[in-house]
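First the structure, in the form of structure tokens, and then the observations on it.
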Amino acid sequence: MKYPILLVLLFTFSVASSQVTVQRDPQIEQMLNEVSADSLRSYIYKLVSFGTRNTLSTQTDPSRGIGAARNWVLGRFNEFSKASGGRLSAMIDTTFLQPDGKRVTHPLILGNVVATLKGTDPNDNRIFLISGHLDNMRSSPTDSLGDAPGANDDGSGTVAVMECARIMSKYSFPATIIFVAVSGEEQGLLGAAFMSEKAKKGNWNIEAVLNNDIMGSNNSNETGIIDNTKVRVFSEGLPAFETEKSASNIRTLGLENDGKARQLARYVKEIGERYVDNLQVMLIYRNDRFLRGGDHTPYVQRGFAAVRITEMNENYTRQHQDIRTENGIAYGDLPEHIDFEYLRKNTCMNLANLASLAKAPGMPDSVKMEVRRLSNSTSLSWQAPRMGKVKGYYVLIRETTSAFWQRKIFTTETTIRLPLSKDNYFFAVQSVNESGNESLPVVPVPGR
Ligand SMILES: [Zn+2]
């Protein structure tokens, strides 16, 4: 009795679906060809020329301090806007800070430099956000006077944001992309907290945040490793947002490794490695490094999918250090320590992901797994996304112990029955368009 059923299932499986050979979108490849190590280099040297970009530093000096630096970034965004026919709009988004007895020592205006490339589809309210922090610090976070070059922390992330804006503003995307250089990171993630709170209150539909912080140096100060072929992506597993509400579901279904940030991280790896040669994207399954924080966290805490992108090996003699030589060791975050080819690849990795996300259709809607009865197969159903044009869908499959998706099956239908027990695998569904750009995956909820 069992054989005929199995045969039917296998038949359904092979006819309704096919294994996928994913291809690069030529338009994204074209954008990536425009990412320039020279452009990144010139931006970093310019940022360093402001002496310090400490959030507490002067805002009135025309050539030194955070004020001059943010005006320069705004000026660059406005230049890109001109080149794009005015489609990119830029501003300094400000908020007033009072002394907090910790890292904010006097009342001041905090300003994030924000450039928005509005999506071309009026029905598409999705936003994809790339962030780096413009501010920096010396050995003391409240030293606003001495030189703090901050070439890598976080000149590298800031210039990656700028280079993506320069190139992407010449192209159009159905969804909106926001490029932001925040301030106040070293004072306690203040700029990102301000921006993410604004997004939450305004119900912005932010589907992904790529936070770039420290990603231009290729070596470790202790182990002697030099390697510019790997970059790390940090992501939280158990969602920090409303953990109590979702905990029971996560425990029952075993979804502790399938939160929003984790799904985004897997996406970033797949797309990064699809488009950027000689770069391995290493997923780190924790929110951030020990003793450190980053601007993705305020977003994560407010329920947005956000990850941190950081170089593989860190050199701590060049982060948060006064420039000096001690016991023969040269300290300081200087531009001569940046590997601009490595920074170019990491910028490409960001650009490929932003472009892929913003070109892709929306995520499939109402993704469900049928659980009416005990069965050794899996039936999934979903609805077309509310935004964008789909060619079809990818069904992603992995064993419960696997860190990454192992199979990707294409179908043009909105239901699929797989001869695999739902007890033994994890599943998700992505929308995909003609050019092969996928949405983020959606994990099915049990339904009837
Ligand atoms: Zn940093």
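First listed ligand is number 1; within each ligand, the first listed atom is number 1. All heavy atoms count here, side chains included; hydrogens, waters and symmetry mates do not. Treat the numbers as computed from the prediction; the structure is a model and nothing was measured.
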Report yes or no: do H133 and D295 form a side-chain donor-acceptor pair below 3.5 Å? no
Q. Within less than 2.8 Å of the Zn ion (ligand 1), any N, O or S from E185?
A. no
The N/O/S atom of D153 lying closest to the Zn ion (ligand 1) is OD1
For the Zn ion (ligand 1), the nearest N/O/S atom on H133 is atom NE2
- Relative to the ring of W72, is the ring of Y43 parallel (under 30°), tilted (30 to 60°) or perpendicular (over 60°)? perpendicular
- Message: Just by distance, no angles: are the side chains of N218 and D339 close enough, under 3.5 Å, to form a donor-acceptor pair?
- Response: yes
Looking at D213, the N/O/S atom that lies nearest to the Zn ion (ligand 1) is called OD1
- Side chains of D135 and S183, donor plus acceptor under 3.5 Å: no
